[in-house]
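Just below is one structure, and these are the notes that go with it.
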There are 2 protein chains.
Amino acid sequence: MPDGDVFAALANPVRRGLLVALRDGPRAAGELAGHFALSRPAVSEHLAVLRHAGLVREEPRGRHRYYHLAAEPLAGVQEWLHPFERYWRDRLAALRDLVEEEDDR
Amino acid sequence: MPDGDVFAALANPVRRGLLVALRDGPRAAGELAGHFALSRPAVSEHLAVLRHAGLVREEPRGRHRYYHLAAEPLAGVQEWLHPFERYWRDRLAALRDLVEEEDDR
DNA sequence: GCAACCTGTCGGAGATTGTTGACATGTCGG
DNA sequence: CCGACATGTCAACAATCTCCGACAGGTTGC
């Protein structure tokens, strides 16, 4: 169902801040807008991007609309990241590159 | 020195593909352009974005210019991701949200 | 009902991004 | 030197992103 690109959703600092804010629990849209020195429509559109990426789910209650964090798509980001992990954790990778350079020389 | 935004650099699928391709070892710019059904200048610009984000380093050798993967900035992405991990690994998080909803009702 | 409130959507302005063709720079082999 | 090659950069255009003001729909409380 998440037809939007999760990576593109994370590209914007406001949207990353929204996800961080939602880590403390569900928040209403207007309450979130207060944290970002931004007009309400702008925040609303950012929330729509996050919704399309499957990163938040909305729960209308009365005249408020509460947004909940839905972090599952972030697992996909971590999976994509995982094959790169050895390139900054293993010092062997840097060593291997050096050897490769020497071979080509 | 990486003045560019790493998250923004990862937002583009071509740039993610470039990083994946560079995992197999250093590649020349023209060689990379062949993999993506894109004009060579376009790939060059994408490589410039990755360079500004500190995700690749270039090594001119002769008339070729080899690009190496520099994955260190990805560690920052994983760090940002880490606090969210429990929200899709722990089932307790979902349970806590349910309890919170019941409290508000 | 009705007024006040919360929120999403629409239209448009301004900035950024993605792409291409054309050009400039620098390098190798004869 | 010189011609062929690999590559970065520039001008220009289209597409997309970001933001705002204005408006519409639904909800609560009187």
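Numbers restart at 1 for each chain; the letters A, B, ... are given by sequence-line order, proteins then strands.
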- [ ] Specify the angle, to 10°, made by the local axes at the two ends of the helix from dG1(C)-dC30(D) to dG30(C)-dC1(D) when five pairs are taken at each end.
- [x] 30°
TODO: List for me each residue that meets salt bridge (charged side-chain N to carboxylate O under 4.0 Å, His left out) alongside R40(B), sequence neighbours excluded, and say none if there are none.
DONE: none
Open item on the list: If the threshold is 4.0 Å, N to carboxylate O, is there a salt bridge linking E59(B) and R61(B)?
Closed with: yes
- [ ] Could you state the atom-to-atom distance from CZ of F36(A) to C1' of dT18(D) in whole Å?
- [x] 15 Å
TODO: Measure the shortest side-chain to side-chain distance between L55(B) and L69(B) over non-hydrogen atoms and say whether it is less than 4.5 angstrom.
DONE: no
TODO: Starting at atom CG of L38(B), determine the distance to atom P of dT17(C), rounded to an integer number of angstrom.
DONE: 17 Å
Task: Partners passing salt bridge (charged side-chain N to carboxylate O under 4.0 Å, His left out) against R63(A) (at least two apart in sequence or in another chain) - done: none
Open item on the list: What I want to check is whether the side chains of R57(A) and Y67(A) have a donor and an acceptor closer together than 3.5 Å.
Closed with: no
TODO: Considering just the side-chain nitrogens and oxygens of R61(A), establish if one lies under 4.0 Å of OP1 or OP2 belonging to dT27(D).
DONE: no
- [ ] Name all residues meeting the salt bridge (charged side-chain N to carboxylate O under 4.0 Å, His left out) criterion together with R65(A); count only those two or more places apart in sequence or in a different chain, and write none if there are none.
- [x] E58(A)
- [ ] Would you kindly check if the NZ (Lys) or CZ (Arg) of R23(A) is within the cone defined by 45 degrees around the ring axis of F84(B) and under 6.0 Å from the six-membered ring centre?
- [x] yes
- [ ] Calculate the interatomic distance between H46(B) atom NE2 and dT9(D) atom C1'; express it in whole Å.
- [x] 16 Å
Task: Whole-Å distance separating the CD atom of E59(B) from the P atom of dG8(D) - done: 13 Å
Open item on the list: At less than 4.0 Å, is any side-chain N or O atom of N12(A) found next to OP1 or OP2 of dC17(D)? Yes or no.
Closed with: no
Considering only nitrogen or oxygen atoms on both sides, find all protein atoms under 3.5 Å from nucleotides 6-11 of chain C and state each distance.
unit_1  : atom_1 : unit_2 : atom_2 : d
dT7(C)  : OP1    : A29(A) : N      : 3.2
dT7(C)  : OP2    : G30(A) : N      : 2.8
dG8(C)  : OP1    : Y67(A) : OH     : 2.4
dG8(C)  : OP2    : S44(A) : OG     : 2.8
dG8(C)  : O5'    : S44(A) : OG     : 3.4
dC10(C) : N4     : E45(A) : OE2    : 3.4

- [ ] Sort and list the pairs that fulfil ring pair (Phe, Tyr, Trp, His ring centres under 6.0 Å) and have at least one residue in residues 5-51 of chain A, not counting sequence neighbours.
- [x] F7(A)-W80(A)
Open item on the list: Can you measure R16(A) atom CZ to dT18(D) atom P for me and round it to whole angstrom units?
Closed with: 11 Å
